[in-house]
There are 2 protein chains.
Amino acid sequence: MSGTLGANAGPAQTPTGAATKAPARSPEPGVEAKPATIYDVARVAGVSHQTVSRFLKGYAGIRPETRERVAQALDAVDYRPNLTARSLTTGRSHRIGALTHEIDQVGPSKIAQGASAAAREAGYLLDIITLDMSNRSAIANAVSLVQQHDLAGVLALASTDEMTRAFEKTRFRVPAFIAVEADDVVGEHRSELSSVGFPALVDHLAGLGHRSFLHIAGPTTWSAARNRVRAYEEAIEVRGLNSVGIVHGDWSARSGYDAVKSLSGEVRATAVVAANDQMALGAMLALSQLGLQVPRDVSVTGVDDIPEAEFFAPPLTTLRVDFLAQGRAAVAELLARVNGETAPSFPVLASELVVRASTGPAPV
Amino acid sequence: MSGTLGANAGPAQTPTGAATKAPARSPEPGVEAKPATIYDVARVAGVSHQTVSRFLKGYAGIRPETRERVAQALDAVDYRPNLTARSLTTGRSHRIGALTHEIDQVGPSKIAQGASAAAREAGYLLDIITLDMSNRSAIANAVSLVQQHDLAGVLALASTDEMTRAFEKTRFRVPAFIAVEADDVVGEHRSELSSVGFPALVDHLAGLGHRSFLHIAGPTTWSAARNRVRAYEEAIEVRGLNSVGIVHGDWSARSGYDAVKSLSGEVRATAVVAANDQMALGAMLALSQLGLQVPRDVSVTGVDDIPEAEFFAPPLTTLRVDFLAQGRAAVAELLARVNGETAPSFPVLASELVVRASTGPAPV
DNA sequence: ACGCTACATGTTGTCGGTAACATTCTCGGA
DNA sequence: TCCGAGAATGTTACCGACAACATGTAGCGT
């Protein structure tokens, strides 16, 4: 060892004599056989590996000259820390898990996107774990997976009670767990529907003369669905309006369609408030098949404002939810908790009313 | 250390002093302070840690009696391998990265879901890395991230040329890289549009009397978009039909809308073939705003068959693509490659024509 | 000039596994 | 009864980082 002391730029001799498998990939510049370690850096800089480690951690007590040498060596060998090794000693990984039901749903997937970005900015990676949130063994399996990969924390992007419970029980080597969109379950309030959301929506409809409403809700096991039902009921009640019913769907367009069809042709409401845009879409199709025009006969609203909502026929009036921000906020809180900082309380994200053509004056 | 020799069930002292917020959760049984290692197992079983390791690897040469003791100890302490430690020595992790542009797009997110499931079944975790595929520094950043977290392989769920190139260059500690949906770029054919896809679609339209077509394509930098353009052109040409143009969008509904609007009211085609369902949706809205009825005046088709397509107004005729299967296949190939097995050639997935109300007889 | 104390840096141990090498055990054959 | 070979098992080294402790060096007062 200790060959060239200079910038290790000699004929690319493999560091630890390794490079077992790669077909000796000719000494192309820039393609090292194996990434450099702090020991390599130390050798090049002529210091001990610990000094390198100190430098990397930003330790102040290093002589300027030494500091400079290390910095140059670091650069010369293009050092990248091995996070695996670091995790082993520190016991803390740089990955956070994201549990989600089906990421093809706009909400969860957008949240995941925001979370992923926020995580990366903090030097973390987001591990996606999709699972059937109502399958007990699938959940157990996921828990086990999370433990083995020792994640720094876990985020539930879309949470059902079953899943939340499973993780409540096993707080074991999983330092933190946050359920996005869950409030009543976890005990902390993190509904994305600010108090101005549904009220604003209902105000809008009431202003158009609507008095009787129908709510197409999500599955009762989803806390997000319950939040929205509660918000809906409150908004209706406070204004002395009339709810002719709440039908539960499963977030899909089909379920919204079925919900309306299940009314057996008798739609007694003049306004249909769906808990998400997909169900609103399905509802609109069903209504038109019943011979009811939107918004002439019935007004329809959604929640989420998925990118397509603006192009539905007719374009959908909906509550815009900033999923990206939600994902970011969740990660921020998780990391704060992991680092033992005072967790910045999860911000209650405001949802903005977006009025489009699917709502209009109530029929006389 | 080395306190209790029994099942390590001493009073649950918090692991790393963490658990800042939880109120010190009393020494509940079943909540171990720290997961057991092979050394713990060895101690309990009265053998060396290496014997335990051998057992775990399925080494045959272990006396039945010893084997039994180890098995029991394993069970007693509820051993879970520490994948971090394993990775450090073996140099191979149990995670694969998934690069994606925006996972809120149905294609990529569904692929991710399939990939995630397949990965988990193989004991791997899927790390999502969202990035702006056209931002060079973001790509470099991602590459660096991938290296540090030493992933077993990388999957590009949606690939642009820029990104593919970035990874081509840096095959350094990233054993495998697969670009889903890319064929011309990577050199291997993996288009998800089987040869029966577009031809079947065009046959359907031609059968309805359509002769002049308009294609709304995806961004040219996306290989998936290019595949579809090529498939479209071939299908049109082979049948001696007429393409009045190809307009490029960005996959979004808005871009489909804009594409039609950009025709300045002059839609000379009787059939609009969009490269995905969202753009088809936007196109339909724009057409109706131009006073053209779908499908009476113009037929419109999409690709993907997103769950909502069935509920568009009118329901969309489209080519169903099995993204989940694509994700699974990609993972299978990646893992095979990682394990040095003969990579099962990536199956060319068939896309099925789904006829709905957005297509009808060509106007006379 | 001497010794003490900060400060700068080096050495060794550790995390939890795997790999290579070392040692013990067992059994058949001389 | 003893030897040697192979099987079963144990010991030590190592992956790449961090942490604790050890050592060396400079600066200061006296």
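Within every chain, numbering begins at 1; the chains are lettered A, B, ... in the order of the sequence lines, protein sequences first and strands thereafter. Bear in mind that the values here come from a model prediction, so they are computed numbers and not experimental data.
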Taking only side-chain N and O atoms of [X], does any of them lie within less than 4.0 angstrom of OP1 or OP2 on [N]?
{"X": "B/Thr89", "N": "D/dC14", "result": "no"}
{"X": "B/Thr51", "N": "D/dT9", "result": "no"}
{"X": "A/Lys57", "N": "D/dA19", "result": "yes"}

Any N/O donor-acceptor pair, B/Arg80 side-chain to C/dG16 base, under 3.5 Å
no

Tell whether B/His49 reaches the base of C/dT18 with its side chain through a donor-acceptor pair below 3.5 angstrom.
yes

CA sep, side-chain torsions, deciding dist, call: B/Phe55, B/Leu74, side chain to side chain contact (heavy atoms under 4.5 Å, CB included)
CA-CA 10 Å; B/Phe55 176 92; B/Leu74 235 27; 3.3 Å; yes

Nearest whole angstrom, please: distance from the [atom2] of [N] to the [atom1] of [X].
{"X": "A/Ile38", "N": "C/dT14", "atom1": "CD1", "atom2": "P", "result": "18 Å"}
{"X": "B/Gln50", "N": "D/dA7", "atom1": "CD", "atom2": "C1'", "result": "15 Å"}
{"X": "B/His94", "N": "C/dG17", "atom1": "NE2", "atom2": "P", "result": "13 Å"}
{"X": "B/Tyr39", "N": "C/dG13", "atom1": "OH", "atom2": "P", "result": "15 Å"}
{"X": "B/Phe55", "N": "C/dT18", "atom1": "CZ", "atom2": "C1'", "result": "17 Å"}
{"X": "A/Arg67", "N": "C/dT9", "atom1": "CZ", "atom2": "P", "result": "9 Å"}
{"X": "B/Leu88", "N": "D/dA13", "atom1": "CG", "atom2": "P", "result": "18 Å"}
{"X": "A/Arg92", "N": "D/dA19", "atom1": "CZ", "atom2": "C1'", "result": "15 Å"}

Counting any heavy atom closer than 4.0 Å, what does B/Thr66 reach on the DNA or RNA strands: base, sugar-phosphate only, or nothing?
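Since only primed, P, OP1 and OP2 atoms lie under 4.0 Å of B/Thr66, the category is sugar-phosphate.
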
Report which part of the nucleic acid A/Leu83 touches: base, sugar-phosphate, or nothing (heavy-atom distance under 4.0 Å, all strands).
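Since no nucleic acid heavy atom lies under 4.0 Å of A/Leu83, the category is nothing.
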
Closest to the [X] side chain: [options]?
{"X": "A/Arg63", "options": "C/dA20, C/dT9, C/dG16", "result": "C/dT9"}
{"X": "A/Arg54", "options": "D/dT9, D/dA20, C/dG17", "result": "D/dA20"}
{"X": "A/Thr90", "options": "C/dT18, D/dC18, C/dG16", "result": "D/dC18"}
{"X": "B/Ser48", "options": "C/dG16, D/dT11, C/dT18", "result": "D/dT11"}
{"X": "B/Tyr79", "options": "C/dG17, C/dG10, C/dG16", "result": "C/dG17"}
{"X": "A/Val47", "options": "D/dA19, C/dG10, C/dG17", "result": "C/dG10"}
{"X": "A/Tyr59", "options": "C/dT18, C/dT9, D/dC18", "result": "C/dT9"}

[X] side, atom [atom1]; [Y] side, atom [atom2] - distance, nearest 0.5 Å:
{"X": "B/Arg63", "Y": "B/Arg67", "atom1": "CZ", "atom2": "CZ", "result": "12.0 Å"}
{"X": "A/Arg43", "Y": "A/His49", "atom1": "CZ", "atom2": "NE2", "result": "13.5 Å"}
{"X": "B/Asp127", "Y": "B/Leu145", "atom1": "CG", "atom2": "CG", "result": "9.0 Å"}

When the nearest nucleotide of DNA chain D is assigned to B/Ala85 and to B/Ile62 on a heavy-atom basis, which residue is associated with the more 5' position?
B/Ile62

B/Ser116 side chain vs B/Ala112 backbone, donor-acceptor pair below 3.5 Å:
no

Closer than 4.0 angstrom, basic N to acidic O: yes or no for A/Arg328 and A/Glu121?
yes

